[in-house]
Amino acid sequence: MTWFSWVSSVVDILLVSYVLYFLYILFRDTNSMSIVKGFLIVFTVSLVADFLHLETLAWVLRYIVGNFVILAAILFQPELRRVLSQVGQGRGMLHKQYSNVVEELAETVTEMAQKNLGALILIERNVGLRHLMEDAVALDAKLSKEMLFSIFYKGNILHDGAVVVQGDRILAARVIVPAVKIDAMKVKRLKYGTRHLAGIAITSESDAIALIVSEEKGTVSLALHGKLMFDLDYENLKRKLYDLL
Ligand SMILES: Nc1ncnc2c1ncn2[C@@H]1O[C@H](COP(=O)(O)OP(=O)(O)OP(=O)(O)O)[C@@H](O)[C@H]1O
């Protein structure tokens with residue numbers, strides 16, 4: 001073996017390891033991991049069936065394993081779409097950094113809901129929310145559970161209104177979403193109060209995501225494009241945020 005083929009083998013192994021690690025990071029917080037585990041089980045059983053000469057079972061399992069790429073493309077569709085759009089935007093490699101924000105947010109609001117601590121968190125995406133922050137309190141603080149809990153703690157002067165989050169920063173607190181014209185009938189039918197309506201309003205006029213923790217109901221809702229996904233649990237919320245960020 002020449003030194004060149006030795007070095008290229010090492011580089012080859014390192015690159016494959018990196019690709020596998022990268023895929024693991026991208027998929028670990030979705031249901032994809034259970035699909036991968038399912039595939040590994042089917043693959044192992046097919047080897048055992050082969051070994052034991054269980055012809056029909058081995059044939060069926062070989063067929064499933066052989067067509068896994070097509071199956072995976074169908075089953076992984078939301079994840080693949082997300083991964084491709086991130087890579088397209090050059091954000092794929094930043095996913096790990098983003099995953100911390102997603103987890104921190106999902107954990108924080110779930111805990112807030114359990115403690116009936118009301119909150120409104122506006123997550124900026126492509127459309128800037130600067131116009132909302134003119135009369136707000138500028139912060140530019142690192143996003144953390146402690147910081148969000150402190151802000152929305154009832155005794156804090158900043159607790160009234162929303163916070164605006166950009167990446168892993170909390171840009172401002174006491175952000176007031178301008179009153180929107182939602183007719184009285186609709187308000188009655190929707191049965192939501194002003195915090196939820198503010199979340200619906202801001203997301204109908206921007207591409208922001210609003211996380212709304214209901215003080216009264218102890219629920220977490222996510223507003224997007226003016227529509228509310230009501231009462232999300234931790235897993236669903238995290239999955240939704242991963243898809244959107
Ligand atoms: N336009 C707004 N912009 C930002 N925050 C708002 C706005 N309107 C209300 N809020 C916040 O919502 C709080 C009042 O929530 P309200 O009880 O009316 O709504 P809700 O949707 O029923 O929420 P909850 O279930 O938490 O009671 C206010 O104290 C304020 O912090």
Side-chain angles (χ1 to χ4, degrees), residues 101 104-238 240-241 244-245:
V101 173
E104 195 81 8
L105 278 171
E107 256 178 55
T108 305
V109 291
T110 306
E111 223 176 291
M112 282 175 163
Q114 284 158 0
K115 296 181 171 150
N116 288 79
L117 189 68
L120 177 57
I121 300 172
L122 310 178
I123 307 167
E124 191 181 274
R125 295 202 295 168
N126 294 317
V127 178
L129 298 176
R130 201 149 286 281
H131 63 287
L132 289 183
M133 292 183 262
E134 277 159 16
D135 298 321
V137 177
L139 287 179
D140 195 19
K142 180 139 174 59
L143 186 145
S144 69
K145 188 197 282 185
E146 292 76 12
M147 185 57 88
L148 287 169
F149 260 91
S150 314
I151 292 171
F152 288 109
Y153 171 67
K154 276 238 159 165
N156 191 331
I157 195 166
L158 298 180
H159 87 276
D160 218 7
V163 294
V164 170
V165 168
Q166 184 191 65
D168 64 352
R169 314 292 296 173
I170 303 171
L171 295 187
R174 270 182 88 163
V175 175
I176 299 298
V177 177
V180 265
K181 289 187 190 113
I182 297 180
D183 66 80
M185 279 304 287
K186 199 169 174 190
V187 172
K188 235 179 173 174
R189 206 179 65 235
L190 286 171
K191 292 196 197 88
Y192 299 127
T194 55
R195 198 192 315 267
H196 290 76
L197 292 179
I200 293 172
I202 190 62
T203 59
S204 58
E205 61 180 47
S206 72
D207 66 348
I209 301 164
L211 296 178
I212 307 137
V213 185
S214 166
E215 181 184 345
E216 201 185 306
K217 301 184 188 76
T219 52
V220 177
S221 303
L222 184 150
L224 180 71
H225 303 312
K227 295 213 164 63
L228 198 73
M229 286 164 240
F230 185 68
D231 199 7
L232 292 171
D233 63 17
Y234 173 72
E235 284 304 328
N236 275 324
L237 176 64
K238 201 166 69 167
K240 200 76 211 146
L241 288 174
L244 295 171
L245 291 173

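Read the numbers this way: they start at 1 and go in the same order the structure lists the ligands and their atoms.
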Within the 4.5 Å heavy-atom criterion, are [X] and [Y] side-chain neighbours or not?
X: I209; Y: L245; value: yes
X: L132; Y: P178; value: yes
X: L244; Y: K240; value: yes
X: S144; Y: E104; value: yes
X: L105; Y: T108; value: no
X: T203; Y: L222; value: no

So is [X] polar-close to ligand 1, meaning N/O to N/O under 3.5 Å?
X: H159; answer: no
X: G193; answer: yes
X: L120; answer: no
X: Y192; answer: no
X: S214; answer: yes

Closer than 4.0 Å to some heavy atom of [X] - which atoms of ligand 1 meet that?
X: E215; value: 24 (P), 25 (O), 26 (O)
X: D160; value: 28 (C), 29 (O), 30 (C), 31 (O)
X: A198; value: 1 (N), 2 (C), 3 (N), 7 (C)

Identify each donor-acceptor pair in which a side-chain atom of residues 111-122 lies under 3.5 Å from a protein atom, sequence neighbours left out, and give them as a table.
| unit_1 | atom_1 | unit_2 | atom_2 | d |
| --- | --- | --- | --- | --- |
| E111 | OE1 | K145 | NZ | 2.7 |
| E111 | OE2 | K115 | NZ | 3.2 |
| N116 | ND2 | E215 | O | 2.7 |

In the protein, which heavy atom is nearest to [atom], and how far is it?
atom: atom 3 (N) of ligand 1; value: V177 N, 2.9 Å
atom: atom 5 (N) of ligand 1; value: G161 CA, 3.3 Å
atom: atom 12 (O) of ligand 1; value: R195 CB, 3.3 Å
atom: atom 18 (O) of ligand 1; value: T194 OG1, 2.5 Å
atom: atom 21 (O) of ligand 1; value: H196 ND1, 2.5 Å

Checklist entry - Can a salt bridge be assigned to the pair R174 and D160 using a cut-off of 4.0 Å between side-chain N and carboxylate O? => result no

Next on the checklist: So for V175, does at least one of its heavy atoms come nearer than 4.0 angstrom to any atom of ligand 1?
Outcome noted: yes

Item to check | Passing option when V164 is tested against I123, L129, I170 for side-chain contact (heavy atoms from CB on, under 4.5 Å) | outcome: L129

